[in-house]
Amino acid sequence: MSNSHSDTIPLRPSNSQSDIDEIRSLIDDSVHSGPAVVLPARHPATTPPPSSSPFISSNIPPPPPVSSSSSLQKLQSVPAAPPPPPPVGNSSSIVANGFGPPPNTLTEPVLDTVKRDLWRIVSNLKLVVFPNPFREDPGKALRDWDLWGPFFFIVFLGVALSWSASVKKSQVFAVAFALLAAGAVILTLNVLLLGGHIIFFQSLSLLGYCLFPLDVGALICMLKDNVVAKVIIVCLALAWSSWAAYPFMSSAVNPNRKALALYPVLLMYLSVGFLIIAID
Amino acid sequence: MDESSYWNLPSSHLLGSVPAVVNEESEASYGRRGGGVRGYQTLGPPSEGFEQQSQNNWKGVFSISSYTQYFDVDTDVVVNRLISSFYPAGGDFFNKIGANPDLYGLIWITTTLVFMLAAFGNCATYLIQKRTDRTTTWSFDVGYVNAAACGIYGYSLVVPVAFYFLLRYLGSNASLIRFWCMWGYSLSIFIPTAFLLLIPVEILRWIIILVAGTASSCFVTLNLTSYIGGSNDLRMMMIAAFLLQMALAIFIKVWFFP
């Protein structure tokens, strides 16, 4: 009986907020120190919150004096021990926090949010459009997908095309936007229908990022008006876009159906390239 | 319980292969269960499909897995069907499709054709104008894209549906997916035609489009005849199919390559 009684006594005074804090701190620590490090269980009161926010700090009970020295040691060891997180690590530490709305991003300045999103766009761009065969984690761009980048690129391409058009500007923008947005959705559906394994939003994100070379091509064509130069630039941009999109699309389907999955991608980029050349 | 014990046998994959010929009546009996699941080509678990269909016919409409059966083709199969659509003689397209009609051909052939018509239509218009008037400058008319999309998608979606309902009403067997498949592949001949129509010689353009239109119409008519059975009552249908395809060819010439 005493055994069962001791089983039900919690080892420490539990209230829901401290449990949440403990779990959150464990997640943050595991993210900061990498998956190989197993951290000892901590008293919730000794862990500092990731950033100062009023309602968490007010609920933490004052640390008992016994563990204050150990808490100091732990505080000092946390910044020194883990390896420096990768540049995207800042965003992933917030993304990994899945318990309720993360108070860090709600109360941070808007500039921080914008900078973080811009940084994610740049890093995804580097991973998708400049694929490095020796990079350590080929699937990183797939996991950190976002839709801001594709949105910017599609709108930029539509604006560039409608800027260069002399008549029916709004119709040109509408055609370009509809072609790219609906095209990305339809291409993803095509892969899924052919029995491939791809996640819908990851694929949308990748196809949007692969538009970046065509954006650059459209910008150059806007500035330079020679037809032959346009054709050459657009062909180069097209080849680069297709080369960037090829590994993701071809690995998603059965090898017998690789051409069936890739042909529509080529068709879409070809039609966008033709629009860039033809709009004057 | 009896049914499920049949399906759970390890030889359940043989169940669909007993009849040698794909029969329309048996397909209609499968269709009575709500459509969408055919015993002849089930590779997945058939029991789940039947239970699902009997519960709620609309459950499968919004899930992709109920449409993957129409895209169950490999690259060489698609290329084979494409090449066979270039030769109008021999109305054996429906036999070639067999139990595996695909909508991949319909969707991507029509989309390619829309792009080709818009692109080459603009180029050809510019070239013809340049021959008559040296001072014309290149202008890209985006309206060609809209017209091409409406025309080609509308034709390839509506005409097979119309024929399907008409033939069902008149009592003969018809399958909408096969009609869509056949009409989709029949449009593939217009893709190289659009490329050839760039030649700015008017008489040559008319010859090219008439040859292509005739080939496409013959393809449609011969296959339809061999599929339906070719009785006298349905001769009007065949003539209508022929004329519709020719009308599409002439519309392409007149609108995009004036």
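Throughout, a chain's letter reflects where its sequence line sits, starting with A, and its residues are numbered from 1.
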What distance separates A/L193 CG from B/Y70 OH, expressed to the nearest 0.5 Å? 11.5 Å

Below 4.5 Å from any heavy atom of chain A, which atoms of B/D141 appear? Answer side chain, backbone, both or neither. side chain

Highest number of heavy-atom pairs under 4.5 Å with chain B among A/V167, A/I186, A/L270, A/L189 belongs to A/L270

Is it the backbone or the side chain of B/N146 that comes under 4.5 Å from a heavy atom of chain A, or both, or neither? side chain

Using a 6.0 Å cut-off, check whether atom CG of A/D225 has over 12 heavy atoms from anything other than its own residue. no

B/Y87 OH: over 12 foreign heavy atoms closer than 6.0 Å: no

Check against side chain to side chain contact (heavy atoms under 4.5 Å, CB included), B/F71 and A/L260: CA-CA 10 Å; B/F71 288 82; A/L260 294 184; over 6 Å; no

Counting neighbours of OH on A/Y246 that are heavy atoms of other residues, nucleotides or ligands and sit closer than 6.0 Å, is the number greater than 12? no

Given side chains that start at C-beta, do those of A/N190 and B/W108 come closer than 4.5 Å, heavy atoms only? yes

Part of A/V172 within contact of chain B (heavy atom distance under 4.5 Å): both

B/Y104 versus chain A, heavy atoms under 4.5 Å apart: side chain, backbone, both or neither? side chain

Are there over 12 heavy-atom neighbours, none belonging to A/F200, within less than 6.0 Å of that residue's CZ? yes

Using 0.5 Å steps for rounding, measure from the CG atom of B/D74 to the NZ atom of A/K258. 13.0 Å

Between OG1 on residue B/T68 and CG on residue A/L192, distance to nearest 0.5 Å: 10.0 Å

Could you tell me whether A/L147 atom CG has more than 12 heavy atoms of other residues or ligands within 6.0 Å of it? yes

Once rounded to the nearest 0.5 Å, what's the spacing between atom OG1 of B/T111 and atom OH of A/Y263? 8.5 Å

If you count heavy atoms of other groups shown closer than 6.0 angstrom to CZ of A/F177, is the number above 12? no

With only heavy atoms counted, which part of A/L179 is less than 4.5 Å from chain B, the side chain, the backbone, both or neither? neither

With a 4.5 Å cut-off on side-chain heavy atoms, are B/W138 and A/V227 touching? no

